[in-house]
Amino acid sequence: MLRTCTLKEASQLDGETVKVCGWVHDIRVLGKIAFIIIRDRYGLAQLTLIRSIIGKENFKKYTKLTRESVICVQGKVQKTEQAKLGFEILLESLEILSIAETPLPLGVADKVSADMETRIENRFLDLRKKEVLAVFEARSAIIQGIREYLAQEHFIEVHTPKIVATATEGGTELFPIKYFEKDAYLNQSPQLYKQILMGSGFDRVFEIAPAFRAEEHNTTRHLNEFISIDAELSFADDNDAMQILENSIKNAIKHAIESEALNALEQDIETPDKPFERVTYDDALDLINSKGYSMEWGEDFSTEALKILGKEIDDFYFITHWPLEIKPFYVLPFEEKYSKAFDLMYKDKELSSGAQRNHNYESLVNIMKQKGLNPENFEFYLRAFKYGMPPHAGWGLGLERLVMIVTGVKNIRECVLFPRDRTRLVP
RNA sequence: GCCCCGGUAGUGUAGCGGCCUAUCAUGCGGGCCUGUCGAGCCCGCGACCCGGGUUCAAAUCCCGGCCGGGGCGCCA
(Lines give C-alpha, C1' and ligand atoms only; values in the text may rest on other atoms or scores of the structure.)
Protein backbone atom coordinates (compact mmCIF):
# COMPACT_ATOMS: atom_id res chain seq x y z
CA MET A 1 0.00 0.00 0.00
CA LEU A 2 1.53 3.27 -1.13
CA ARG A 3 -0.48 5.44 1.22
CA THR A 4 -2.27 4.94 4.51
CA CYS A 5 -4.67 7.83 4.03
CA THR A 6 -5.58 10.80 1.89
CA LEU A 7 -4.46 14.31 2.79
CA LYS A 8 -7.90 15.19 4.08
CA GLU A 9 -7.93 12.14 6.33
CA ALA A 10 -4.44 12.96 7.53
CA SER A 11 -5.68 16.28 8.87
CA GLN A 12 -7.71 14.36 11.43
CA LEU A 13 -4.91 12.09 12.58
CA ASP A 14 -3.05 14.33 14.99
CA GLY A 15 -0.04 12.60 16.49
CA GLU A 16 -0.09 9.64 14.13
CA THR A 17 2.51 8.64 11.61
CA VAL A 18 1.01 8.50 8.13
CA LYS A 19 2.04 7.71 4.61
CA VAL A 20 0.53 10.03 2.00
CA CYS A 21 0.95 10.58 -1.73
CA GLY A 22 0.39 13.47 -4.04
CA TRP A 23 1.75 16.19 -6.28
CA VAL A 24 4.25 18.85 -5.27
CA HIS A 25 2.09 21.95 -5.32
CA ASP A 26 4.67 24.43 -4.07
CA ILE A 27 7.96 24.54 -2.21
CA ARG A 28 9.16 27.25 0.11
CA VAL A 29 12.70 27.09 1.43
CA LEU A 30 13.80 29.21 4.38
CA GLY A 31 17.36 28.16 4.93
CA LYS A 32 17.37 25.32 7.42
CA ILE A 33 13.66 24.69 7.32
CA ALA A 34 11.50 24.15 4.25
CA PHE A 35 7.88 23.53 3.43
CA ILE A 36 6.55 21.39 0.63
CA ILE A 37 2.88 21.81 -0.10
CA ILE A 38 1.56 18.47 -1.27
CA ARG A 39 -1.75 18.07 -3.08
CA ASP A 40 -4.13 15.25 -3.82
CA ARG A 41 -7.74 15.21 -5.00
CA TYR A 42 -8.97 15.90 -1.49
CA GLY A 43 -6.86 18.89 -0.64
CA LEU A 44 -3.50 20.23 0.42
CA ALA A 45 -1.14 19.47 3.25
CA GLN A 46 2.05 21.08 4.40
CA LEU A 47 5.13 18.92 4.77
CA THR A 48 7.67 20.42 7.09
CA LEU A 49 11.31 19.58 6.38
CA ILE A 50 13.87 20.34 9.03
CA ARG A 51 17.42 20.07 7.74
CA SER A 52 18.91 18.90 11.00
CA ILE A 53 16.44 16.00 11.12
CA ILE A 54 16.48 14.72 7.55
CA GLY A 55 20.09 15.56 6.75
CA LYS A 56 21.73 18.05 4.42
CA GLU A 57 21.74 15.79 1.37
CA ASN A 58 18.07 14.89 1.55
CA PHE A 59 17.11 18.45 2.39
CA LYS A 60 18.76 19.70 -0.76
CA LYS A 61 17.38 16.89 -2.91
CA TYR A 62 13.81 17.33 -1.73
CA THR A 63 13.74 21.10 -1.94
CA LYS A 64 14.99 20.87 -5.53
CA LEU A 65 11.98 18.84 -6.57
CA THR A 66 10.07 20.35 -9.46
CA ARG A 67 6.49 21.46 -9.04
CA GLU A 68 3.93 18.79 -9.98
CA SER A 69 6.29 15.91 -9.34
CA VAL A 70 4.62 12.97 -7.62
CA ILE A 71 5.88 11.97 -4.21
CA CYS A 72 5.09 9.57 -1.41
CA VAL A 73 6.00 10.67 2.08
CA GLN A 74 5.97 9.37 5.57
CA GLY A 75 5.72 11.65 8.53
CA LYS A 76 4.00 12.54 11.74
CA VAL A 77 0.84 14.63 11.71
CA GLN A 78 0.84 17.49 14.14
CA LYS A 79 -1.77 20.08 14.81
CA THR A 80 -0.22 23.51 14.84
CA GLU A 81 -1.33 27.10 14.72
CA GLN A 82 1.76 27.89 12.71
CA ALA A 83 0.35 26.14 9.65
CA LYS A 84 -2.45 27.85 7.78
CA LEU A 85 -4.27 24.54 7.32
CA GLY A 86 -4.09 23.91 11.07
CA PHE A 87 -1.85 20.88 10.74
CA GLU A 88 1.39 19.82 9.15
CA ILE A 89 3.23 16.61 8.48
CA LEU A 90 6.71 16.52 9.93
CA LEU A 91 8.65 14.74 7.23
CA GLU A 92 10.50 11.54 8.06
CA SER A 93 11.06 10.06 4.62
CA LEU A 94 10.21 10.93 1.06
CA GLU A 95 10.07 8.79 -2.06
CA ILE A 96 10.03 10.37 -5.51
CA LEU A 97 7.52 8.53 -7.69
CA SER A 98 7.60 10.71 -10.80
CA ILE A 99 9.56 13.82 -11.74
CA ALA A 100 7.70 16.58 -13.54
CA GLU A 101 9.56 18.26 -16.38
CA THR A 102 10.06 21.98 -16.33
CA PRO A 103 8.74 24.41 -17.35
CA LEU A 104 5.13 23.33 -17.09
CA PRO A 105 3.05 24.14 -20.16
CA LEU A 106 0.38 25.33 -17.78
CA GLY A 107 0.89 26.44 -14.21
CA VAL A 108 -1.20 24.60 -11.63
CA ALA A 109 -0.40 26.65 -8.53
CA ASP A 110 0.11 29.82 -10.56
CA LYS A 111 -1.83 33.00 -10.11
CA VAL A 112 -1.84 33.73 -13.83
CA SER A 113 -4.82 32.51 -15.78
CA ALA A 114 -4.63 30.62 -19.06
CA ASP A 115 -6.57 30.75 -22.30
CA MET A 116 -9.18 28.10 -23.02
CA GLU A 117 -7.00 26.60 -25.72
CA THR A 118 -3.93 26.30 -23.51
CA ARG A 119 -6.12 24.70 -20.87
CA ILE A 120 -7.67 22.14 -23.19
CA GLU A 121 -4.36 21.28 -24.86
CA ASN A 122 -2.98 20.54 -21.40
CA ARG A 123 -6.22 19.32 -19.93
CA PHE A 124 -4.56 16.79 -17.59
CA LEU A 125 -2.75 19.67 -15.90
CA ASP A 126 -5.75 21.97 -16.00
CA LEU A 127 -7.81 19.30 -14.25
CA ARG A 128 -5.38 19.34 -11.32
CA LYS A 129 -6.77 22.71 -10.26
CA LYS A 130 -9.36 22.38 -7.58
CA GLU A 131 -11.90 24.67 -9.19
CA VAL A 132 -11.65 22.71 -12.43
CA LEU A 133 -11.96 19.39 -10.65
CA ALA A 134 -14.95 20.80 -8.79
CA VAL A 135 -16.89 21.19 -12.04
CA PHE A 136 -16.55 17.47 -12.64
CA GLU A 137 -17.39 16.56 -9.08
CA ALA A 138 -20.53 18.65 -9.48
CA ARG A 139 -21.24 17.05 -12.83
CA SER A 140 -20.97 13.61 -11.28
CA ALA A 141 -23.28 14.61 -8.44
CA ILE A 142 -25.81 16.01 -10.91
CA ILE A 143 -25.92 12.75 -12.83
CA GLN A 144 -26.29 10.81 -9.60
CA GLY A 145 -29.13 13.08 -8.49
CA ILE A 146 -31.04 12.53 -11.69
CA ARG A 147 -30.35 8.82 -11.82
CA GLU A 148 -31.38 8.40 -8.21
CA TYR A 149 -34.67 10.21 -8.72
CA LEU A 150 -35.58 8.42 -11.94
CA ALA A 151 -34.70 5.03 -10.49
CA GLN A 152 -36.91 5.78 -7.52
CA GLU A 153 -39.71 6.56 -9.98
CA HIS A 154 -39.20 3.13 -11.56
CA PHE A 155 -37.52 4.26 -14.75
CA ILE A 156 -35.41 1.61 -16.48
CA GLU A 157 -32.00 2.85 -17.59
CA VAL A 158 -31.42 1.87 -21.19
CA HIS A 159 -28.87 2.32 -23.95
CA THR A 160 -29.86 2.81 -27.56
CA PRO A 161 -27.60 2.70 -30.63
CA LYS A 162 -25.43 5.67 -31.49
CA ILE A 163 -24.70 4.37 -34.99
CA VAL A 164 -27.84 4.75 -37.02
CA ALA A 165 -29.04 4.49 -40.60
CA THR A 166 -31.06 7.69 -40.96
CA ALA A 167 -31.60 11.15 -39.60
CA THR A 168 -33.67 11.11 -36.45
CA GLU A 169 -35.72 14.21 -36.87
CA GLY A 170 -34.50 15.91 -39.98
CA GLY A 171 -33.18 19.42 -39.71
CA THR A 172 -29.83 19.19 -37.99
CA GLU A 173 -26.67 18.07 -39.72
CA LEU A 174 -25.29 14.64 -38.83
CA PHE A 175 -21.83 13.15 -38.88
CA PRO A 176 -21.66 10.59 -41.68
CA ILE A 177 -19.61 7.49 -41.01
CA LYS A 178 -18.77 4.29 -42.88
CA TYR A 179 -20.45 1.20 -41.50
CA PHE A 180 -18.67 -1.52 -43.46
CA GLU A 181 -20.22 -1.27 -46.93
CA LYS A 182 -23.10 0.97 -45.79
CA ASP A 183 -23.46 4.65 -45.05
CA ALA A 184 -24.42 5.47 -41.48
CA TYR A 185 -24.54 8.38 -39.07
CA LEU A 186 -23.78 9.21 -35.47
CA ASN A 187 -27.11 9.65 -33.74
CA GLN A 188 -28.32 13.14 -32.88
CA SER A 189 -30.79 11.89 -30.28
CA PRO A 190 -32.25 8.67 -28.86
CA GLN A 191 -35.73 10.06 -29.55
CA LEU A 192 -37.04 7.43 -31.94
CA TYR A 193 -35.62 4.52 -29.97
CA LYS A 194 -37.00 5.57 -26.63
CA GLN A 195 -40.42 5.92 -28.26
CA ILE A 196 -40.15 2.43 -29.71
CA LEU A 197 -39.50 1.24 -26.16
CA MET A 198 -42.82 2.75 -25.11
CA GLY A 199 -44.33 0.42 -27.70
CA SER A 200 -42.43 -2.38 -26.01
CA GLY A 201 -44.19 -1.80 -22.73
CA PHE A 202 -41.08 -0.68 -20.85
CA ASP A 203 -43.41 1.97 -19.45
CA ARG A 204 -40.67 4.30 -18.20
CA VAL A 205 -37.13 4.55 -19.56
CA PHE A 206 -34.21 6.91 -19.35
CA GLU A 207 -30.85 7.12 -21.02
CA ILE A 208 -27.70 9.09 -20.27
CA ALA A 209 -25.53 8.95 -23.35
CA PRO A 210 -23.67 10.95 -25.99
CA ALA A 211 -25.48 12.69 -28.83
CA PHE A 212 -23.79 14.14 -31.90
CA ARG A 213 -24.63 17.18 -33.99
CA ALA A 214 -22.59 18.26 -37.00
CA GLU A 215 -23.59 21.91 -36.80
CA GLU A 216 -20.71 24.34 -37.17
CA HIS A 217 -21.78 26.43 -34.26
CA ASN A 218 -19.49 28.95 -32.67
CA THR A 219 -20.88 29.66 -29.25
CA THR A 220 -20.14 29.06 -25.58
CA ARG A 221 -23.21 26.86 -25.20
CA HIS A 222 -22.89 24.30 -28.01
CA LEU A 223 -20.88 21.14 -28.40
CA ASN A 224 -20.68 18.69 -31.27
CA GLU A 225 -20.67 15.82 -28.82
CA PHE A 226 -22.67 16.22 -25.64
CA ILE A 227 -24.41 14.09 -23.08
CA SER A 228 -28.13 13.92 -23.51
CA ILE A 229 -30.29 12.82 -20.62
CA ASP A 230 -33.49 11.45 -22.07
CA ALA A 231 -36.61 10.19 -20.36
CA GLU A 232 -39.82 8.78 -21.77
CA LEU A 233 -42.92 7.64 -19.88
CA SER A 234 -46.08 5.85 -20.95
CA PHE A 235 -49.69 6.59 -20.06
CA ALA A 236 -48.56 10.11 -19.41
CA ASP A 237 -49.09 13.57 -20.82
CA ASP A 238 -46.94 16.69 -21.14
CA ASN A 239 -47.68 17.74 -17.56
CA ASP A 240 -46.51 14.41 -16.18
CA ALA A 241 -43.30 14.68 -18.18
CA MET A 242 -42.69 18.24 -16.97
CA GLN A 243 -43.16 17.15 -13.38
CA ILE A 244 -40.62 14.34 -13.75
CA LEU A 245 -38.19 16.76 -15.36
CA GLU A 246 -38.65 19.37 -12.67
CA ASN A 247 -38.10 16.86 -9.89
CA SER A 248 -35.03 15.47 -11.66
CA ILE A 249 -33.49 18.93 -11.86
CA LYS A 250 -34.24 19.66 -8.24
CA ASN A 251 -32.68 16.41 -7.09
CA ALA A 252 -29.66 17.09 -9.30
CA ILE A 253 -29.09 20.50 -7.71
CA LYS A 254 -29.62 19.06 -4.24
CA HIS A 255 -26.94 16.45 -4.89
CA ALA A 256 -24.56 19.02 -6.32
CA ILE A 257 -24.94 21.18 -3.24
CA GLU A 258 -24.53 18.22 -0.88
CA SER A 259 -21.39 17.11 -2.70
CA GLU A 260 -19.76 20.37 -1.56
CA ALA A 261 -18.10 20.61 -4.95
CA LEU A 262 -19.64 24.04 -5.39
CA ASN A 263 -17.68 25.43 -2.45
CA ALA A 264 -14.56 25.56 -4.60
CA LEU A 265 -16.48 27.52 -7.24
CA GLU A 266 -17.88 30.39 -5.21
CA GLN A 267 -21.17 29.42 -6.75
CA ASP A 268 -24.21 30.22 -4.72
CA ILE A 269 -27.21 28.23 -5.87
CA GLU A 270 -30.11 26.87 -3.90
CA THR A 271 -32.41 24.00 -4.67
CA PRO A 272 -35.54 25.65 -6.06
CA ASP A 273 -38.33 25.08 -3.54
CA LYS A 274 -41.23 26.47 -5.55
CA PRO A 275 -42.77 24.78 -8.60
CA PHE A 276 -41.25 25.97 -11.87
CA GLU A 277 -43.34 28.65 -13.48
CA ARG A 278 -45.18 27.63 -16.65
CA VAL A 279 -45.67 30.19 -19.40
CA THR A 280 -47.47 29.49 -22.64
CA TYR A 281 -45.80 30.33 -25.90
CA ASP A 282 -48.50 32.93 -26.56
CA ASP A 283 -47.99 34.65 -23.21
CA ALA A 284 -44.24 34.66 -23.68
CA LEU A 285 -44.74 36.16 -27.13
CA ASP A 286 -46.95 38.93 -25.73
CA LEU A 287 -44.45 39.63 -22.99
CA ILE A 288 -41.63 40.00 -25.49
CA ASN A 289 -43.65 42.22 -27.80
CA SER A 290 -44.67 44.39 -24.85
CA LYS A 291 -40.98 45.06 -24.18
CA GLY A 292 -40.42 46.78 -27.48
CA TYR A 293 -39.13 43.72 -29.34
CA SER A 294 -40.96 42.59 -32.43
CA MET A 295 -41.74 38.92 -32.90
CA GLU A 296 -44.35 37.15 -35.04
CA TRP A 297 -46.50 34.23 -33.93
CA GLY A 298 -44.96 31.03 -35.22
CA GLU A 299 -41.36 32.18 -34.91
CA ASP A 300 -38.96 30.56 -32.51
CA PHE A 301 -37.53 32.80 -29.80
CA SER A 302 -34.30 34.47 -30.87
CA THR A 303 -31.40 34.82 -28.46
CA GLU A 304 -32.37 38.43 -27.96
CA ALA A 305 -35.99 37.49 -27.23
CA LEU A 306 -34.87 34.86 -24.72
CA LYS A 307 -32.76 37.45 -22.92
CA ILE A 308 -35.89 39.51 -22.42
CA LEU A 309 -37.78 36.48 -21.09
CA GLY A 310 -34.86 35.57 -18.85
CA LYS A 311 -35.04 38.95 -17.18
CA GLU A 312 -38.81 38.94 -16.75
CA ILE A 313 -39.34 35.43 -15.44
CA ASP A 314 -37.74 33.65 -12.50
CA ASP A 315 -34.76 31.36 -13.09
CA PHE A 316 -36.35 28.03 -14.09
CA TYR A 317 -39.52 28.13 -16.17
CA PHE A 318 -41.33 26.11 -18.80
CA ILE A 319 -42.58 27.47 -22.09
CA THR A 320 -45.60 25.38 -23.11
CA HIS A 321 -48.14 25.07 -25.92
CA TRP A 322 -45.78 25.70 -28.81
CA PRO A 323 -46.91 26.24 -32.39
CA LEU A 324 -46.99 22.85 -34.04
CA GLU A 325 -45.13 24.06 -37.11
CA ILE A 326 -41.87 24.82 -35.31
CA LYS A 327 -41.69 21.55 -33.40
CA PRO A 328 -40.59 18.13 -34.70
CA PHE A 329 -43.06 15.71 -36.29
CA TYR A 330 -43.40 13.48 -33.23
CA VAL A 331 -45.02 16.03 -30.89
CA LEU A 332 -48.74 15.76 -30.22
CA PRO A 333 -50.89 18.34 -32.01
CA PHE A 334 -53.30 20.30 -29.83
CA GLU A 335 -56.13 22.60 -30.88
CA GLU A 336 -55.09 22.58 -34.55
CA LYS A 337 -52.09 24.88 -34.62
CA TYR A 338 -50.63 24.17 -31.19
CA SER A 339 -48.72 21.25 -29.75
CA LYS A 340 -48.13 19.58 -26.42
CA ALA A 341 -44.48 20.52 -26.60
CA PHE A 342 -42.55 22.30 -23.87
CA ASP A 343 -39.09 23.74 -23.29
CA LEU A 344 -37.43 24.07 -19.94
CA MET A 345 -35.52 27.33 -19.60
CA TYR A 346 -33.09 28.74 -17.09
CA LYS A 347 -33.07 32.48 -17.62
CA ASP A 348 -32.15 32.82 -21.30
CA LYS A 349 -30.75 29.29 -21.66
CA GLU A 350 -32.59 26.38 -23.24
CA LEU A 351 -32.06 23.44 -20.96
CA SER A 352 -34.42 20.82 -22.18
CA SER A 353 -37.20 20.22 -24.60
CA GLY A 354 -39.96 17.66 -24.46
CA ALA A 355 -43.53 16.90 -25.33
CA GLN A 356 -46.41 14.59 -25.12
CA ARG A 357 -45.88 12.52 -28.25
CA ASN A 358 -48.16 11.74 -31.10
CA HIS A 359 -48.94 8.04 -30.67
CA ASN A 360 -51.40 7.82 -33.56
CA TYR A 361 -49.91 6.10 -36.59
CA GLU A 362 -52.04 7.78 -39.28
CA SER A 363 -51.59 11.24 -37.84
CA LEU A 364 -47.85 10.73 -37.46
CA VAL A 365 -47.46 9.68 -41.09
CA ASN A 366 -49.48 12.70 -42.26
CA ILE A 367 -47.43 15.16 -40.27
CA MET A 368 -44.19 13.62 -41.48
CA LYS A 369 -45.31 14.12 -45.05
CA GLN A 370 -46.33 17.71 -44.30
CA LYS A 371 -42.84 18.33 -42.94
CA GLY A 372 -41.29 16.93 -46.08
CA LEU A 373 -40.03 13.71 -44.53
CA ASN A 374 -40.38 10.36 -46.25
CA PRO A 375 -42.18 7.89 -43.94
CA GLU A 376 -40.44 5.01 -45.71
CA ASN A 377 -37.15 6.10 -44.13
CA PHE A 378 -38.76 5.77 -40.71
CA GLU A 379 -40.39 2.40 -41.21
CA PHE A 380 -38.40 0.86 -38.33
CA TYR A 381 -39.91 3.52 -36.06
CA LEU A 382 -43.41 3.76 -37.46
CA ARG A 383 -44.12 0.03 -37.24
CA ALA A 384 -43.96 0.31 -33.44
CA PHE A 385 -47.06 2.51 -33.68
CA LYS A 386 -49.13 -0.04 -35.59
CA TYR A 387 -49.39 -2.78 -33.00
CA GLY A 388 -50.39 -1.10 -29.76
CA MET A 389 -48.65 2.14 -28.74
CA PRO A 390 -49.65 3.78 -25.47
CA PRO A 391 -49.91 7.54 -25.09
CA HIS A 392 -46.54 8.76 -23.88
CA ALA A 393 -44.44 11.82 -23.19
CA GLY A 394 -40.81 12.61 -22.55
CA TRP A 395 -37.92 15.00 -22.74
CA GLY A 396 -34.25 15.41 -23.54
CA LEU A 397 -31.99 17.40 -21.28
CA GLY A 398 -28.54 18.72 -22.14
CA LEU A 399 -26.33 17.63 -19.27
CA GLU A 400 -23.60 20.19 -19.92
CA ARG A 401 -26.12 23.01 -19.99
CA LEU A 402 -27.32 21.98 -16.56
CA VAL A 403 -23.74 21.72 -15.33
CA MET A 404 -23.11 25.27 -16.57
CA ILE A 405 -26.05 26.55 -14.58
CA VAL A 406 -25.23 24.68 -11.40
CA THR A 407 -21.51 25.46 -11.42
CA GLY A 408 -21.78 28.97 -12.86
CA VAL A 409 -19.21 28.16 -15.54
CA LYS A 410 -19.49 30.47 -18.54
CA ASN A 411 -18.20 28.29 -21.36
CA ILE A 412 -19.77 24.88 -21.98
CA ARG A 413 -16.36 23.45 -22.95
CA GLU A 414 -15.35 23.73 -19.32
CA CYS A 415 -18.08 21.24 -18.44
CA VAL A 416 -16.59 18.49 -20.59
CA LEU A 417 -13.29 16.75 -19.92
CA PHE A 418 -12.26 16.63 -23.55
CA PRO A 419 -14.68 18.81 -25.52
CA ARG A 420 -15.49 18.30 -29.16
CA ASP A 421 -16.20 21.60 -30.85
CA ARG A 422 -16.03 22.96 -34.38
CA THR A 423 -12.31 22.30 -34.77
CA ARG A 424 -11.14 20.28 -31.80
CA LEU A 425 -10.59 16.55 -32.21
CA VAL A 426 -7.66 16.15 -29.78
CA PRO A 427 -7.10 15.59 -26.96
C1' G B 1 -23.69 29.23 -42.96
C1' C B 2 -23.10 34.85 -42.00
C1' C B 3 -20.27 38.40 -39.16
C1' C B 4 -16.63 40.53 -35.60
C1' C B 5 -12.04 40.26 -32.88
C1' G B 6 -7.21 38.39 -31.76
C1' G B 7 -2.09 35.79 -32.29
C1' U B 8 4.41 39.24 -28.20
C1' A B 9 9.18 34.64 -23.28
C1' G B 10 6.66 28.15 -20.43
C1' U B 11 1.95 30.94 -18.81
C1' G B 12 -0.93 35.59 -18.73
C1' U B 13 0.03 40.49 -20.55
C1' A B 14 1.96 46.05 -21.95
C1' G B 15 3.55 48.30 -26.30
C1' C B 16 0.19 49.46 -31.90
C1' G B 17 5.50 53.23 -37.31
C1' G B 18 11.69 55.43 -35.05
C1' C B 19 12.00 56.58 -27.78
C1' C B 20 12.08 48.37 -28.43
C1' U B 21 18.90 46.12 -27.01
C1' A B 22 10.33 45.07 -26.18
C1' U B 23 6.89 46.29 -20.25
C1' C B 24 4.94 43.93 -16.04
C1' A B 25 3.46 39.60 -13.44
C1' U B 26 4.07 34.55 -12.93
C1' G B 27 7.48 30.69 -14.03
C1' C B 28 12.37 28.69 -14.57
C1' G B 29 17.99 28.68 -13.00
C1' G B 30 21.37 30.43 -9.06
C1' G B 31 22.09 32.75 -4.12
C1' C B 32 20.47 34.37 1.24
C1' C B 33 17.17 33.24 5.35
C1' U B 34 14.47 27.79 11.16
C1' G B 35 7.89 29.18 10.57
C1' U B 36 6.72 30.23 5.35
C1' C B 37 1.64 29.92 3.92
C1' G B 38 -0.27 35.03 -2.71
C1' A B 39 6.60 34.16 1.57
C1' G B 40 10.53 37.98 1.13
C1' C B 41 15.20 39.96 -0.86
C1' C B 42 19.43 39.79 -4.66
C1' C B 43 21.31 38.03 -9.57
C1' G B 44 20.17 35.69 -14.09
C1' C B 45 17.08 33.15 -18.31
C1' G B 46 13.31 33.52 -21.72
C1' A B 47 9.06 36.18 -26.79
C1' C B 48 7.03 39.85 -31.49
C1' C B 49 2.62 32.95 -35.69
C1' C B 50 4.30 32.16 -41.11
C1' G B 51 5.02 34.36 -46.08
C1' G B 52 4.87 38.63 -49.08
C1' G B 53 4.38 44.01 -49.52
C1' U B 54 4.61 49.51 -48.13
C1' U B 55 8.50 52.64 -45.80
C1' C B 56 14.80 55.63 -44.91
C1' A B 57 12.62 52.66 -40.72
C1' A B 58 7.60 47.41 -39.16
C1' A B 59 5.94 43.87 -33.05
C1' U B 60 3.29 48.24 -34.86
C1' C B 61 0.50 49.69 -41.54
C1' C B 62 -1.43 46.53 -45.99
C1' C B 63 -2.35 41.56 -48.44
C1' G B 64 -2.44 36.23 -48.14
C1' G B 65 -2.01 31.85 -45.17
C1' C B 66 -2.24 29.14 -40.64
C1' C B 67 -4.10 29.03 -35.68
C1' G B 68 -7.38 30.76 -31.82
C1' G B 69 -11.62 33.46 -29.34
C1' G B 70 -16.52 35.29 -29.75
C1' G B 71 -21.63 37.10 -31.75
C1' C B 72 -25.84 35.51 -34.76
C1' G B 73 -28.30 31.35 -36.81
C1' C B 74 -29.39 26.20 -35.28
C1' C B 75 -30.28 23.69 -30.99
C1' A B 76 -29.59 20.57 -25.72
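Proteins get letters first, then strands, A, B, ... in listed order; numbering begins at 1 in each.
In this structure, R119(A) reaches neither bases nor backbone, as no heavy-atom distance under 4.0 Å exists between it and the strands shown. Counting non-hydrogen atoms under 4.0 angstrom, S228(A) reaches nothing in the nucleic acid. If you check every strand for non-hydrogen atoms under 4.0 Å, R51(A) touches nothing. S302(A) comes within 4.0 angstrom of sugar-phosphate atoms only, judged by non-hydrogen atoms across all strands, and of no base. Within 4.0 Å of R422(A), counting heavy atoms only, lies no atom of the nucleic acid at all.
Within the 4.5 Å cutoff, the side chain of Y293(A) has heavy atoms near those of the S302(A) side chain.
Distance, R221(A) CZ to G69(B) C1': 15 Å, rounded to whole Å. Rounded to an integer number of Å, the gap from CD1 of I27(A) to P of G27(B) is 12 Å. One interatomic measurement links the two molecules: CG of D115(A) to P of C67(B), which rounds to 17 Å at whole-angstrom precision.
Straight-line distance between the C1' atoms of G7(B) and G44(B): roughly 29 Å, to the nearest whole Å. Here the separation of U60(B) from C50(B), taken at their P atoms, is 11 Å to the nearest Å. Separating the P atom of G12(B) from that of G35(B) is a span of 36 Å, rounded to the nearest Å.
For E215(A) against C75(B), a side-chain-to-base donor-acceptor contact under 3.5 Å is absent.
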- Summarise how protein sits on nucleotides 33-38 of chain B as a single string, 5' to 3': B when a protein heavy atom is under 4.0 Å from the base, S for sugar-phosphate-only contact, - for no contact. BBBBBB

Atom pairs, protein N/O to nucleotides 2-10 of chain B N/O, distance under 3.5 Å:
{"unit_1": "G10(B)", "atom_1": "O2'", "unit_2": "L104(A)", "atom_2": "O", "d": "3.0"}

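Applying side chain to side chain donor-acceptor pair (under 3.5 Å) to H25(A) and the options R128(A), Q46(A), R39(A) leaves one that passes, R39(A).
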